[in-house]
2 protein chains.
Amino acid sequence: MSLEHALLGLLSERPASGYDLLKLFDTSLANVWHATQSQVYSALIRLSDTGMIEIVAEGPRGRKTYALTADGLTELRQWLTASSPRDEVRNNILLRAFFLDVVDSDQARAYFADVIQMSNEGQREPEEPSEDYEEVCPDYRSMVLEYDRRLTAMRRDWAEWAGTQIK
Amino acid sequence: MSLEHALLGLLSERPASGYDLLKLFDTSLANVWHATQSQVYSALIRLSDTGMIEIVAEGPRGRKTYALTADGLTELRQWLTASSPRDEVRNNILLRAFFLDVVDSDQARAYFADVIQMSNEGQREPEEPSEDYEEVCPDYRSMVLEYDRRLTAMRRDWAEWAGTQIK
DNA sequence: GTAAACATGTAACAGGTTACATGATTGT
DNA sequence: ACAATCATGTAACCTGTTACATGTTTAC
């Protein structure tokens, strides 16, 4: 249940509403984990029902601010340490590349060009840590950004190499 | 519907049964796309119902050999060329790394050690192309293997670097 | 006043996982 | 005879997507 753990993780930093959390998925976690609006709101209700989080404030327009509970923090720590992560392989880009021999060389080359373009565009500006963000000594957020930079570069180089291999 | 397209792709190479296809997901596509037994068999029925594939032979133990139809090949080509692939971000490894500040430094270091170990283990032997495999000029299969090698190396280097950043 | 942003909720459907269920064939 | 492998099918459940539905507040 990674989506729920992602929510617990985000709330471990500070309390937030569903709306806030949704924005965090599109910014901080944009290259890490995806979630839809529908998913976030229903997960918050579930997490609230099981006591992992609680409503700590209500604001205008029905806004509900949630905070992590002690149980929620325990669960988050458990998830982070309990088992080794496994790489869930479902790579759309590679899947297509795998079957490129059913199209002609020009179309295959065009495909790798698309991958290169995607890699060049996809590079987001590293966000400055916000003022109210308390700097923790080992900066795991920037380690994730660094992974992203390396992945993007790797993918671009690979697609360039692959493009030249055709014919 | 990438799962169904993966099946069309595999069948474009040669006819196969559900059982055969399942093994291909665990070998050729092990680092590309994951599928369960349950999924494969029901997808084959759907694809057969919509005329993308057809039963070309029946063997012992109820074995059914499926082959791609002309419509199926058209659909496969369509999928490969129609739209740019988008990177679907759901990276379990990164998600955990992102929240490592809720555990202590030793546990965080252990996490990166796990990632390194996983990367070292995960490296599968590149399979020799089988005898009856007709060599196509640009070898897209080996391009996918190359991507994998680069990804594994990148991830190992990143985890090593990240581990040293702690404290 | 009105558009943009804020803010939530739910229903229908598609895709994926786990577990159960069954049986035939091959090799030793 | 027995185990391993071959071979398929289905039901319950969980996760994720798309679309609909509603209303408030802020800024211009």
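Numbers restart at 1 for each chain; the letters A, B, ... are given by sequence-line order, proteins then strands.
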Student: For B/S17 and B/D20, test the side chains for any donor-to-acceptor distance below 3.5 angstrom and give the result as yes or no.
Tutor: yes

Student: Nearest whole Å is fine: how far is C/dG16 P from B/M1 CE?
Tutor: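 The distance from CE of B/M1 to P of C/dG16 comes to 10 Å, rounded to the nearest Å.
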
Student: Nearest to the side chain of B/R61, heavy atoms from C-beta on, is which of C/dT8, C/dG23, C/dG15?
Tutor: C/dG23

Student: Output the single nucleotide from C/dT8, D/dC6, D/dG16 whose closest atom is nearest the side chain of A/Q39.
Tutor: D/dG16

Student: For the side chain of B/Y19, counting heavy atoms from C-beta on, which of D/dG16, C/dC6, D/dT8 is nearest?
Tutor: D/dT8

Student: For B/K64 and D/dC6, is the shortest distance between a side-chain N/O and OP1 or OP2 below 4.0 Å?
Tutor: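 Result: no.
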
Student: Once you round it to whole Å, what is the distance between C1' of D/dG9 and CG of B/D49?
Tutor: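 One finds 14 Å between C1' of D/dG9 and CG of B/D49, rounded.
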
Student: Starting the side chain at C-beta, find the nucleotide from C/dG16, D/dG16, C/dA7 nearest to B/L3.
Tutor: C/dG16

Student: Taking only the side-chain nitrogens and oxygens of B/Y41, find out if one of them lies under 4.0 Å from OP1 or OP2 of D/dT8.
Tutor: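 Yes.
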
Student: Step by step, work out the side chain to side chain contact (heavy atoms under 4.5 Å, CB included) result for A/F112 and A/I166.
Tutor: CA-CA 10 Å; A/F112 290 116; A/I166 300 172; 3.8 Å; yes

Student: Taking atom types as they are modelled, is there a donor-acceptor pair under 3.5 Å from the base of D/dG9 to the side chain of B/Q37?
Tutor: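 In this structure, the two groups form a donor-acceptor pair.
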
Student: Measure the distance from CD on A/E58 to P on D/dT25 and round it to the nearest whole Å.
Tutor: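 To the nearest whole Å, that distance equals 14 Å.
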
Student: Whole angstrom is fine here: how far is it from CG in B/D20 over to P in D/dT5?
Tutor: 16 Å

Student: State whether A/R90 places a side-chain N or O below 4.0 Å from either non-bridging phosphate oxygen (OP1 or OP2) of C/dT17.
Tutor: yes

Student: Looking at every strand, decide which applies to B/R46 at a 4.0 Å heavy-atom threshold: base, sugar-phosphate, or nothing.
Tutor: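 It contacts nothing in the nucleic acid.
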
Student: Could you state the atom-to-atom distance from CG of B/N92 to P of C/dT17 in whole Å?
Tutor: 13 Å

Student: Would you mind reading off the distance between A/L21 atom CG and C/dG9 atom C1', rounded to a whole angstrom?
Tutor: 16 Å

Student: For residues A/V56 and A/Y66, report the shortest heavy-atom separation together with the two atoms involved.
Tutor: CG2-C, 4.2 Å

Student: What class does the angle between the rings of A/Y147 and B/W158 fall in, given that below 30° is parallel, 30 to 60° is tilted and above 60° is perpendicular?
Tutor: perpendicular

Student: In whole angstroms, how far is the P atom of D/dC14 from the CD1 atom of A/I45?
Tutor: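 It is 17 Å, rounded to the nearest whole Å.
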
Student: On DNA chain D, check which nucleotide each of B/Y66 and B/K23 is closest to and give me the residue with the more 5' one.
Tutor: B/K23

Student: Under 4.0 Å, counting only non-hydrogen atoms across every strand here, what does A/L22 touch: a base, just sugar-phosphate, or nothing?
Tutor: nothing

Student: Using a 4.0 Å heavy-atom cut-off, does A/S38 contact any base of the nucleic acid, only the sugar-phosphate backbone, or nothing at all?
Tutor: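 Base contact.
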
Student: In whole Å, what is the span from the CG atom of A/L95 to the P atom of C/dG15?
Tutor: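 After rounding, the gap between these two atoms is 14 Å.
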
Student: Kindly indicate whether a cation-pi arrangement holds for B/R141 with A/F98, taking the cut-offs as under 6.0 Å to the six-membered ring centre and within 45° of the axis.
Tutor: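 Yes, B/R141 sits over the ring of A/F98.
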
